[in-house]
Every structure is written in structure tokens, then in C-alpha cells.
Amino acid sequence: GPRINAAGRMDRPLDALDTLLTDCRRLAAELASRLDRYNKERQRFEMQIRREAMKQLEGTNAMLWLTVSGKTTDRQTVRVLQELADAARPHGVKIALYPHFGLYVATTEDALRLAKLADRQNLGVSINLCHELRSGNGAKLSEIVKAAAPHLFLVSINGADNEGGWDKLIQTLDRGAFDLRPVLKQLKTVGYTGPVGLQCYNVKGDIRENLKRSMKAWNELSGLLDPQ
């Protein structure tokens with residue numbers, strides 16, 4: 001797995017190939033030891049890259065939006081999240097988990113579970129309306145907001161119907177049957193003051209006109225978040 005891949009990443013692909021092809025136990029053991037060394041070198045190299053990238057973000061008030069895909073476990077994921085959060089913290093960088101339908105972190109509840117396990121103050125979660133709807137969580141979004149509140153860094157909204165494909169679940173903010181008002185009221189109730197982004201992925205039509213429509217709808221809705 002990772003050790004085989006590491007050989008290629010560290011410019012030693014033939015060692016990985018020889019490990020798979022050899023019939024000699026002694027040579028296989030020697031090659032396996034090399035692959036383990038390459039993997040450790042890869043890990044150190046990648047960590048150095050992360051730290052340098054985080055350093056460049058210092059003072060920018062940047063927040064990283066991170067999703068988790070592929071075959072993994074909570075234990076493996078938490079270890080990586082802790083490493084990333086620890087590398088980001090000295091530079092004032094926050095990391096928000098991005099729930100995406102069909103991936104390992106598919107919902108805000110998945111993200112919240114991992115954020116609690118990782119236990120890092122600069123690691124939080126986001127709520128993506130379209131992915132929650134696709135996961136069948138529309139009816140309990142207010143409950144999700146309440147549960148996520150202590151760890152909530154970002155919110156992404158858009159116009160949407162209650163179900164359907166992405167063309168139904170991602171529309172301009174003035175369209176769709178899903179009522180956003182209870183969600184926005186709950187965000188206000190829990191004291192959320194972070195960013196609220198607009199999801200525009202693959203929305204058809206003129207982008208300027210779409211943005212104009214969504215901005216008008218937001219001006220009408222945003223009063224639900226304004227303090228009294």
C-alpha cells in the first residue's frame with residue numbers, strides 16, 4: 001500500500017516492482033526494508049511541505065477546507081487531522097472539515113465525530129446544505145446546527161429542493177422548495193458568527209444574473225442572522 005506508492009514518489013519505482021516480482025526471500029526482505037525507509041522519508045518530506053505551506057498562510061486569516069475520501073478508518077483519519085492541525089496552529093490557520101456526499105466524511109455528523117476525536121481547537125466542521133440534503137438530513141438540519149455549534153467554522157448554503165439530483169439541490173438562492181429560514185434562525189440562536197458561503201457548483205445560466213438573484217435573496221434572508 002503506502003510503502004509501494006512511496007517508492008514511486010521518492011523516485012525509486014523499480015524497487016517497488018522488484019519487491020513484487022522477486023522469488024528470493026532475502027532480497028524481498030531487503031527491498032521491503034528499503035520501501036519502509038522510502039515511506040518514512042516521504043512522510044517527513046510531506047510534513048515539511050505542509051509546515052512551509054502553513055507558514056505562508058500566517059497572518060492571512062485563511063481557513064483550509066478539507067475533505068476526506070478513499071478507504072480509511074477513524075483512527076487513521078484522526079491521526080492525519082491532528083498532524084495537520086498541529087502544523088497549522090502556530091501560524092493561526094484553522095481547518096474546517098468539508099462534508100461531501102459519498103465520501104468518508106459525507107455529512108456534518110461524520111465531520112463532527114472526527115473533530116471531537118481529534119480534539120484540536122483549530123480543527124472544526126462545516127455545514128454544506130446541498131450535501132446534507134443529498135444525505136437525507138434536510139428535516140434535521142436545525143438539530144445538526146445545534147450539535148455542531150461548538151465546532152462550527154463554516155456554513156455553505158444555496159437554493160434547493162428537498163430532494164433530487166445536484167441540479168435540484170444546488171440552485172440560485174431565490175429558487176427551490178427547501179425553506180432556509182429555520183436553519184438561519186437556528187444559526188442565530190446558537191450564536192454562529194462565522195462565514196456563510198454560497199454554493200454555485202454547476203448552476204446553469206448567466207453567472208452574473210445568477211449572482212444578482214442570489215444576492216437579492218441573501219439580502220432578504222440575512223436579517224434572520226442579524227442581532228436584534
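Everything numeric here is computed off the predicted structure, so don't read it as measured data. All residue numbers in this chain count up from 1 along the given sequence.
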Query - In one Ile/Leu/Val/Met/Phe/Trp/Tyr side-chain cluster, 4.5 Å: V93, F153 - result: no
Rounded to the nearest 0.5 angstrom, the CE-CG distance for M54 and D86 is 10.0 Å
Q) Any side-chain heavy-atom pair from V145 and Y192 closer than 4.5 angstrom? A) no
Taken to the nearest 0.5 Å, the spacing of T67 OG1 from L103 CG works out to 4.5 Å
Q) Hey, does E209 have a side-chain heavy atom less than 4.5 Å from the side chain of R213? A) yes
Check your understanding: Would you say Y104 and F101 are hydrophobically clustered, going by side-chain heavy atoms of ILVMFWY under 4.5 Å?
Key -> no
Side-chain donor-acceptor pair present, Q56, E52, cut-off under 3.5 Å: no
Does any part of the side chain of W166, heavy atoms only, come nearer than 4.5 Å to the side chain of R134, both counted from C-beta? yes
So do the side chains of H100 and V105 get within less than 4.5 Å of each other, counting heavy atoms only? no
* To do: Check step by step if side chain to side chain contact (heavy atoms under 4.5 Å, CB included) holds for F178 and L129.
  => CA-CA 10 Å; F178 182 80; L129 175 68; 3.6 Å; yes
field: Electrostatic pair E83-R79, nearest N-O below 4.0 angstrom
entry: yes
Where do E132 and T108 land on the side chain to side chain contact (heavy atoms under 4.5 Å, CB included) test, with the steps shown first? CA-CA 7 Å; E132 294 301 319; T108 299; 2.9 Å; yes
### Message
Taking the side chain as everything from C-beta on, heavy atoms only, tell me whether W65 gets closer than 4.5 Å to L154.
### Response
yes
Margin query: In the structure I gave you, are the side-chain heavy atoms of D167 and N202 within less than 4.5 Å of one another anywhere?
Written below: no
Do L173 and L180 have side-chain heavy atoms sitting under 4.5 Å apart?
yes
| query | Would you say the side chain of E163 lies within less than 4.5 Å of the side chain of K168, judging by non-hydrogen atoms? | reply | no
Which of L198, N210, N158 passes side chain to side chain contact (heavy atoms under 4.5 Å, CB included) with V203? Answer is N210
Does one side chain, of D174 or T172, offer a donor that lies under 3.5 Å from an acceptor on the other?
yes
